[in-house]
Amino acid sequence: MNFKDFIEDLNWRGMIHDIMPGTEEQLKKEMTVAYIGFDPTSDSLHVGSFAQIMLLKRFQLAGHKPIALVGGATGMIGDPSGKSQERNLLDEATLNKNLEGIKAQLSKFLDFDSDIPNKAEMVNNYDWMKNYTFLEFIRDIGKHITVNYMMSKDSVKKRLGEESKQGMSFTEFTYQLVQGYDFLYLNEHKNCKLQMGGSDQWGNITTGTELIRRKNGGEAYAITIPLVTKADGGKFGKTESGNVWLDSEKTTPYSFYQFWLNTSDEDANKYIKIFTLIDPQEIETLIEQHSKEPHMRILQKRLAEELTVMVHSKKDLENAIEASKILFGKGTTESLAKLDEKTFLSVFEGVPQFELSKEKIINGLGIVDLLAGEVNVFPSKGELRRLIQGGGLSLNNAKIENADVKVASTDLLNNKYLLVQKGKKDKYLIIIK
RNA sequence: GGGGAGAUACCAAAGUGGCCAACUGGGGCAGACUGUAAAUCUGCUGGCUGAUGCCUUCGUAGGUUCGAAUCCUGCUCUCCCCA
């Protein structure tokens, strides 16, 4: 790829929501510097940021220079565009830790190190905001943007509208100006001419381009990508257990793999374009194959494979596939019992584990007391009972029919494990010591 | 500063003295069907207890009452309008 077809490729992938006139010409003209902002509220990114990461990666692959900005300053304020509540100020130590974590993750995708002219950079807006006084800021920056202009942004209008119950603090109102200043700063110091981001950022980004134009008469451009959605209307990137993180400590490679494998057909068609680097021709072929035999779930498998390798490793992928086969294959209690211990443990690496001492069950223990008492697999006994009544609980791949069932040492797999399953997908391992 | 409206479970939203652990919708969880998909249908969705019973909950603190989410008082917070 080169910088000529960057926009064309994005278009094909359905990754352009809005683009400012002149952007394409600028990108064709020369190597261009662009930035995307990331939120440093955690030391890891999650899949919600993934589309943006891939956007930066494609940008670098196309020969341009990407900057990843972490919002140490803006992260404290809270963007009214999101539903985000007022944020807490992060102390500098936490911020630095988060920054390092995020950089390490981005390094898997972007080239920060080599000598290429378009190597990636990471910046933190806290560095240039922390010593900027309020007075200086409103004099140098605030002067160039009218309140009328700021009020016309959707994010602001929504919060001022009658149906809004929230109101908006001055701090939140100022957000677009602070973010706009980031763009101006990068424009002045790094020759950055383009800001990219999610579609909800359009208003904030254009405040930046406007600021650059009015203050310096400079050129600046914008591209936003559509919000990644799910066909069923749910939030992308969440599971019952919370965010899907890129950090293997927070989301195991197995869970990560499972997350993508569970993508619906409709979404898989979109996601494979957005989240992988597979070229258009091959994707067309995959989609066609998939529509012929949807039960094979070709798209989901490929999506999960590509991403697990990219975010984790080939080895992690193999383990995840192996574990998935055993956990979701036509396993019975017997076939589980046949697994040798080593395989068994490696399969369950990504599954939540609990420990219990052997004395507790040697004389038999009610299943409810076990799972919601001795071991906190479930937080409440009532909930567990309801689950059993609804037929949603299995032990060692066999359905538990009623809540009076007792578990004894004869139920142990390999003489020391119990496999608990809630519903179709959630597995838990109890290790008897 | 003046006037008005309001605060109910994850969210939205009913309830205005006992029939309220609280209508309904969304979300979530589970079951059936399937392909670990979608759609659809069904059940569950404060805690403890075997389905009876008990305990804690309707912003917060008190009060009236046999009895309060519902009435009264103080407090906190939110929104709207006028200055």
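Proteins get letters first, then strands, A, B, ... in listed order; numbering begins at 1 in each.
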Sequence neighbours left out, what passes side chain to side chain donor-acceptor pair (under 3.5 Å) with [X]? Give chain and number order.
X        : value
A:Thr133 : A:Glu136
A:Ser255 : A:Thr252
A:Asn415 : none
A:Gln60  : none

(message) If I take atom CG in residue A:Leu387 and atom P in nucleotide B:G28, what distance separates them, rounded to the nearest angstrom?
(response)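 Whole-Å distance recorded here is 17 Å.
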(message) In whole Å, I'd like the distance from the CD atom of A:Gln300 to the C1' atom of B:A38.
(response)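 In whole Å, B:A38 C1' and A:Gln300 CD are 11 Å from each other.
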(request) Tell me which of A:Leu393 and A:Leu261 sits closer to the 5' end of RNA chain B, going by the nucleotide each one is nearest to. (result)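 The residue mapped nearer the 5' terminus is A:Leu393.
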(request) For A:Arg297 and for A:Ala231, locate the closest nucleotide of RNA chain B by heavy-atom distance; then report the residue assigned to the nucleotide nearer the 5' terminus. (result)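 Whichever sits nearer the 5' end wins; that is A:Arg297.
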(request) Check the angle between the aromatic planes of A:Tyr428 and A:Phe354 and answer parallel, tilted or perpendicular using the 30° and 60° thresholds. (result) tilted
(request) Return the orientation label for the A:Phe236 and A:Phe275 ring planes: parallel under 30°, perpendicular over 60°, tilted otherwise. (result) parallel
(request) Check each residue of residues 264-275 of chain A for a non-hydrogen atom within less than 4.0 Å of any atom in RNA chain B, then write out the ones that pass by number, or none. (result)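 Result for residues 264-275 of chain A: A:Ser264, A:Asp265, sorted by number.
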(request) With a 4.0 Å heavy-atom cut-off, tell me which residues in residues 288-296 of chain A come close to RNA chain B, sorted by residue number. (result) A:Pro294, A:His295
(message) Looking only at the side chain of A:Asp232 (C-beta and beyond, no hydrogens), which of the listed nucleotides B:A39, B:A30, B:U36 gets closest?
(response)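 Of all the options, the side chain of A:Asp232 is nearest to B:A39.
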Enumerate donor-acceptor pairs with a distance under 3.5 Å from any side-chain N or O in residues 400-414 of chain A to protein atoms, sequence neighbours excluded.
{"residue": "A:Asn402", "atom": "OD1", "partner": "A:Asp404", "partner atom": "N", "Å": "2.7"}
{"residue": "A:Asp411", "atom": "OD2", "partner": "A:Ala408", "partner atom": "N", "Å": "3.0"}
{"residue": "A:Asn414", "atom": "ND2", "partner": "A:Leu339", "partner atom": "O", "Å": "3.4"}

(message) Stem list for RNA chain B, please, built from Watson-Crick and G-U wobble pairs under 3.5 Å and keeping only runs of at least 3.
(response) B:1-7 with B:76-82, B:10-12 with B:24-26, B:27-32 with B:40-45, B:46-48 with B:53-55, B:59-63 with B:71-75
(request) Indicate, yes or no, whether a donor-acceptor pair under 3.5 Å links the base of B:U34 to the side chain of A:Lys424. (result) yes
(request) Establish, yes or no, whether the cationic atom of A:Lys103 lies under 6.0 Å from the six-membered ring centre of A:Phe112 and within 45° of the ring axis. (result)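 Positive - A:Lys103 is close enough to the ring of A:Phe112 and near enough to its axis.
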(request) Can you run down the side-chain hydrogen bond (donor to acceptor under 3.5 Å, both in side chains) pairs that involve residues 141-153 of chain A, sequence neighbours left out, and say none if there aren't any? (result) A:Tyr149-A:Lys153, A:Lys153-A:Thr206, A:Lys153-A:Thr207
(message) One character per nucleotide, please: for nucleotides 43-59 of chain B, 5' to 3', B when the base has a protein heavy atom closer than 4.0 Å, S when only the sugar-phosphate does, - otherwise.
(response) -SS-SSSS---------
(request) Please list, chain by chain and in numerical order, all residues satisfying side-chain contact (heavy atoms from CB on, under 4.5 Å) with A:Glu306, sequence neighbours excluded. (result)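 A:Glu306 satisfies side-chain contact (heavy atoms from CB on, under 4.5 Å) with A:Thr276, A:Ile278, A:Arg302 once adjacent residues are dropped.
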(message) My understanding is that only residues two or more places apart in sequence, or in another chain, count here; which of them pass side-chain contact (heavy atoms from CB on, under 4.5 Å) with A:Lys425?
(response) A:Asn262, A:Phe328
(request) Would you please indicate yes or no on a ring centroid separation below 6.0 angstrom for A:Tyr254 and A:Phe348? (result)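 Ring centroids of A:Phe348 and A:Tyr254 are no less than 6.0 Å from each other.
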